[in-house]
K.L.:
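Attaching a single structure in structure tokens format; questions to follow.
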Amino acid sequence: MTPTLLGRWQSRLFVLATAGLLWTLLLTPLLPVGFATTRETYAGTFAAIGVTAAVGLVLWEPLYQFLQQFRWEKDWPAMFTLLEGIPEGVVVFFLLRDVLGFDVRATPFLIHFGTTWLVVFLCLHGPLRVVSVRWRFRAGRLL
Amino acid sequence: MSTTDETRVSAPPARPVWDDRTPDLPDQLQRTPVWTDELVAASGIPVVDVPFVTVGGGMGSFTMVDVLRIAGVPTNQVKVLTNLRHPWENYAYLTGVSQLPPHYRIRSDASSMPDNLWGFPSYAARRAFHSRSVSGFIAPLWNVLTENVLTDYWTPLAGEVFEGMRREADRIGYWDCVAHGQARMVRKRAAGGYFTVFTTQGARKQRIIYRSAYVHLAVGWPSIRFLPDMQQFRSQHGNGYRFVNAYEPHEQVYDDLVARPGTVVLRGGGIAASAIIHRLLNDREKLGAQTRIVHVLRTYVEGPHGPSRFMRRRGKNGWAHQGFNWPKASWGGQLKMRMERLEGEERKRLWETLEGTTTPYRKGWQKQLAAARRDGVYTTVAGVIDRVDRVGDGRLGVVYRDTKGGGLRSLDADFLVDATGLIGDLRSHRLLNDLVEVTGVDRNVLGRLDVSPGFEVRSARSGSGRMFAAGAITEGAYYAPADSLLGVQYASLRTADQLAEMGFGKRIGSGRSIAQWWRFMRGVTP
Ligand SMILES: Cc1cc2nc3c(=O)[nH]c(=O)nc-3n(C[C@H](O)[C@H](O)[C@H](O)COP(=O)(O)OP(=O)(O)OC[C@H]3O[C@@H](n4cnc5c(N)ncnc54)[C@H](O)[C@@H]3O)c2cc1C
């Protein structure tokens, strides 16, 4: 991808709000969460999506965009997008557990966050261009 | 492959096949810049009405027709005027002679797909799913995942591109739109729209005038570049055997060098130069040729270079390295956005920063080059060729100015291959020359056609008629990679969007896009 900051923001929000939410909706009841109620689990997974979106907007995307400036091609290779999931996941996990006070466990979180990240990653590298033919020529902007 | 340095260039004459057996156009038409229907009728030339005409019939016309079909335009509303048998003919010819035949990798990424507006699934995915082995499935996908980080960019083979285009052409009914021949000129119509004068191909040449609301120009490069020293050498010594251009057939060079040892001087630092060196070194390895290569580079690149920490390009051993002809973000990233916002001198400066002759860094090529350098088979010199003489046995005496030391030096060679590129001078193309001289269209900061960010030739508006252009003739406007596969596709999309606003075809919004993509995937007509 060759995004601008605006494109990064829009793409992140759009894909999380569509494919990310849909995937979460389907996956959450299947997570190994022991005795937690479905309601509690959904609260946790939806919060994870929300926090991923929010932290991405204010912290990660501006940081990535800054780092991109050191690249002559002004591109953002696919592998970077995939690997971003690691630091982002760690931050989201601790924010949820230690700051926002959710009762999140490592294993279900890992399954949910990891697979959602993969879904988002795949959407960004193909299907999104079907939804908007202009997306790839507009630096990731949808609007 | 582009150049702004047009003062040194003199163009070969326009291709000779034109109109020579048909009487020239009536004087009355030639002299009148804007034609009325009556004037045209009086000439007796048959007139054919069609809303949209695209001149060229190469890659740019193909993507244009493809996008229009996806936008819902029927085939009988579009005419392609071309001297090519199929849209990739000229591309295949130029890449072939410059040593990038169909089974070689081209220089664009997995989703630069003239046959697929969405670029998804990409060539890499296509290759993966056609493979019969697990490693054949994983390799291309792993490569696109790690490209430009752990691996070089994944690039398709030329043959894969042609094959995909053939399939798409069949799907959209492209062949029904084509008329074979030569477009002679485009003139404005007094009541709006345009007239395009066309001479059909074949034994009986016939002249036809197409009357259309819209004209799209995708005529490619006006001509290949013959530098003055080459022209002079040829006119003095009368043959093109030893001093050749990379973009004309020159197999004799390779044949001769396999038959006997020799030295080749190569000029130019782009992908054609890389491909030619690769061929020469392969001939050494596989056919036992004893060739020595001297590579003359006008700008010898010592290392990473650029105006600032944030604009620095890789380079080494004389070459500038970059994945594609332009930095990746020129197609649809921040560099594209920036170019669109700039005017005049500022835009020209950005063009100059981004362009420059580069070649991709491919590990295989680098290894081969390093070995050849070690063996003394391949040497680079920083210099500009000053003149070429004929010495004993018909060999060449190449005199060059050393750009480091400044002095003149000479070396003897068996062959000189000029791989410095093609030229974009509008005047060397008859139809474009007519547009500039008679219709008076504006030129941009690099002297090519001045088009809007949406690729409209703004100064050629004719009532409710619109003229658009794509490809090399628009370089210098608002889109750097205009002359690339993805670039001509982008131009087509922008053009189709404006046409849709005027009621020709429908806008490709999300709904249409998804529905059409599904039709594409199933291989049914748009
Ligand atoms: C050696 C080489 C390698 C390249 N490699 C790549 C690559 O790897 N990736 C990439 O993205 N791009 C590549 N390009 C660029 C790419 O080929 C061009 O961007 C693309 O072909 C442009 O399409 P076009 O329609 O403008 O021109 P063309 O495909 O050349 O078609 C224009 C055609 O119009 C016809 N024509 C001209 N005037 C008239 C007339 N008056 N009447 C009728 N017909 C006319 C001519 O026959 C001409 O062939 C390469 C170019 C070259 C030369």
Side-chain angles (χ1 to χ4, degrees), chain A residues 1-11 14-15 17-19 22 61-86 117-143, chain B residues 67 70 109 111 116-122 125 142 144-151 153 304-306 308-314 321-324 326-338 354 479 486 489-490 493-494 496-497 508-514 516-518 520-521:
Chain A
M1 288 191 303
T2 52
T4 54
L5 186 55
L6 208 58
R8 285 175 174 279
W9 281 339
Q10 292 187 9
S11 297
F14 179 79
V15 181
T18 51
L22 190 68
E61 297 296 4
L63 175 68
Y64 302 148
Q65 193 62 21
F66 172 71
L67 294 176
Q68 183 177 298
Q69 300 316 304
F70 292 92
R71 300 177 61 78
W72 161 257
E73 306 262 359
K74 302 285 178 274
D75 65 333
W76 201 245
M79 206 174 90
F80 289 5
T81 310
L82 194 62
L83 293 180
E84 285 162 12
I86 299 168
W117 194 264
L118 215 60
V119 167
V120 167
F121 170 81
L122 289 176
C123 285
L124 284 175
H125 288 88
L128 203 50
R129 295 185 222 145
V130 177
V131 176
S132 163
V133 274
R134 294 169 197 81
W135 177 80
R136 63 170 164 161
F137 299 112
R138 306 189 65 215
R141 271 163 47 213
L142 288 149
L143 299 174
Chain B
V67 176
I70 289 168
D109 71 359
S111 44
N116 177 351
L117 176 59
W118 302 272
F120 170 73
S122 71
W142 172 253
V144 282
L145 175 67
T146 56
E147 67 183 9
N148 206 16
V149 186
L150 301 180
T151 51
Y153 277 113
H305 54 288
S308 79
R309 178 69 195 86
F310 298 111
M311 290 298 272
R312 195 161 291 172
R313 176 159 45 199
R314 280 211 275 183
H321 288 298
Q322 175 172 297
F324 309 109
W326 299 92
K328 194 123 195 272
S330 314
W331 274 270
Q334 56 185 92
L335 295 173
K336 180 232 177 196
M337 300 297 172
R338 196 190 312 165
L354 298 185
Y479 194 69
L486 189 57
Q489 193 170 49
Y490 171 70
L493 184 59
R494 291 295 300 257
D497 283 351
I508 306 173
S510 288
R512 173 166 282 272
S513 176
I514 294 167
Q516 285 295 326
W517 179 78
W518 187 236
F520 166 84
M521 290 303 285

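Letters A, B, ... are given to chains in the order of the sequence lines, protein chains preceding strands, and every chain is numbered from 1.
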K.L.:
Got a donor-acceptor contact below 3.5 angstrom from the A:Lys74 side chain to the B:Pro327 backbone?
P.N.:
no
K.L.:
Taking all non-hydrogen atoms of both residues, which atom of A:Cys123 and which atom of A:Ala19 are closest, and how far apart?
P.N.:
SG-CB, 3.6 Å
K.L.:
Let's test your reading of the structure: which of B:Lys328, B:Gln516, B:Gln334 forms the most heavy-atom pairs below 4.5 Å with chain A?
P.N.:
B:Gln334
K.L.:
Using heavy-atom distances under 4.5 Å, tell me whether B:Leu335 contacts chain A through its side chain, its backbone, both, or neither.
P.N.:
side chain
K.L.:
Rounded to the nearest 0.5 Å, what separation is found between the CZ atom of A:Phe80 and the CG atom of B:Asn148?
P.N.:
8.0 Å
K.L.:
Looking at B:Ala125, B:Ala329, B:Gly306, B:Pro304, which has the largest count of heavy-atom pairs under 4.5 Å with chain A?
P.N.:
B:Ala329
K.L.:
Restricting to ring-ring contact (aromatic ring centres under 6.0 Å, His included), what partner residues turn up for A:Trp117, sequence neighbours left out?
P.N.:
A:Phe113
K.L.:
State which residues pass ring-ring contact (aromatic ring centres under 6.0 Å, His included) with A:Phe121; sequence neighbours excluded, sorted by chain then number.
P.N.:
A:His125
K.L.:
Please check if any side-chain donor atom of B:Trp118 sits under 3.5 Å from a side-chain acceptor atom of B:Ser513, or the reverse.
P.N.:
yes
K.L.:
Counting only heavy atoms closer than 4.5 Å, note whether B:Trp331 contacts chain A via side chain, backbone, both or neither.
P.N.:
backbone
K.L.:
Which bit of B:Arg312 is near chain A, if near means a heavy-atom gap under 4.5 Å: side chain, backbone, both or neither?
P.N.:
backbone
K.L.:
Non-hydrogen atoms of chain A under 4.5 Å away: do they reach the side chain of B:Tyr153, the backbone, both or neither?
P.N.:
side chain
K.L.:
Say you draw a straight line from CG of A:Leu124 to CH2 of A:Trp76; how long is it, rounded to the nearest 0.5 Å?
P.N.:
13.5 Å
K.L.:
Residues of residues 61-68 of chain A under 4.5 Å from chain B (heavy atom pairs)?
P.N.:
A:Gln65, A:Gln68
K.L.:
Please classify the contact of B:Ser330 with chain A as side chain, backbone, both or neither, using a heavy-atom distance under 4.5 Å.
P.N.:
neither
K.L.:
Atom CD in A:Gln69, atom CE in B:Met311: separation rounded to 0.5 Å?
P.N.:
9.5 Å
K.L.:
Which bit of B:Met337 is near chain A, if near means a heavy-atom gap under 4.5 Å: side chain, backbone, both or neither?
P.N.:
side chain
K.L.:
Which answer fits B:Asn116, side chain, backbone, both or neither, if we ask what part of it has an atom under 4.5 Å from a heavy atom of chain A?
P.N.:
backbone
K.L.:
So what's closer than 4.5 Å to chain A heavy atoms on B:Leu493: side chain, backbone, both or neither?
P.N.:
side chain
K.L.:
Quick one: side-chain contact (heavy atoms from CB on, under 4.5 Å) partners of A:Thr18, sequence neighbours excluded?
P.N.:
A:Phe14
K.L.:
If I take atom CH2 from residue A:Trp72 and atom CG from residue B:Leu354, how far apart are they, to the nearest 0.5 angstrom?
P.N.:
5.5 Å
K.L.:
Give, for atom CZ of B:Arg494 and atom CZ of A:Arg134, the distance between the pair rounded to the nearest 0.5 Å.
P.N.:
9.5 Å
K.L.:
Given the options A:Asp75, A:Thr4, A:Val130, which has more heavy-atom pairs under 4.5 Å with chain B than any of the others?
P.N.:
A:Val130
K.L.:
Looking at CZ of A:Arg138 and OG1 of A:Thr2, how far apart are the two atoms once the value is rounded to the nearest 0.5 Å?
P.N.:
13.0 Å
K.L.:
Say whether A:Trp135 and A:Ser11, considering side chains only, have a donor N or O and an acceptor N or O under 3.5 Å apart.
P.N.:
yes
K.L.:
Does any backbone or side-chain atom of A:Leu82 lie under 4.5 Å from a heavy atom of chain B? Answer side chain, backbone, both or neither.
P.N.:
side chain
K.L.:
So what's closer than 4.5 Å to chain A heavy atoms on B:Gln322: side chain, backbone, both or neither?
P.N.:
both
K.L.:
At a 4.5 Å cut-off on heavy atoms, which part of B:Glu147 comes close to chain A: side chain, backbone, both, or neither?
P.N.:
backbone
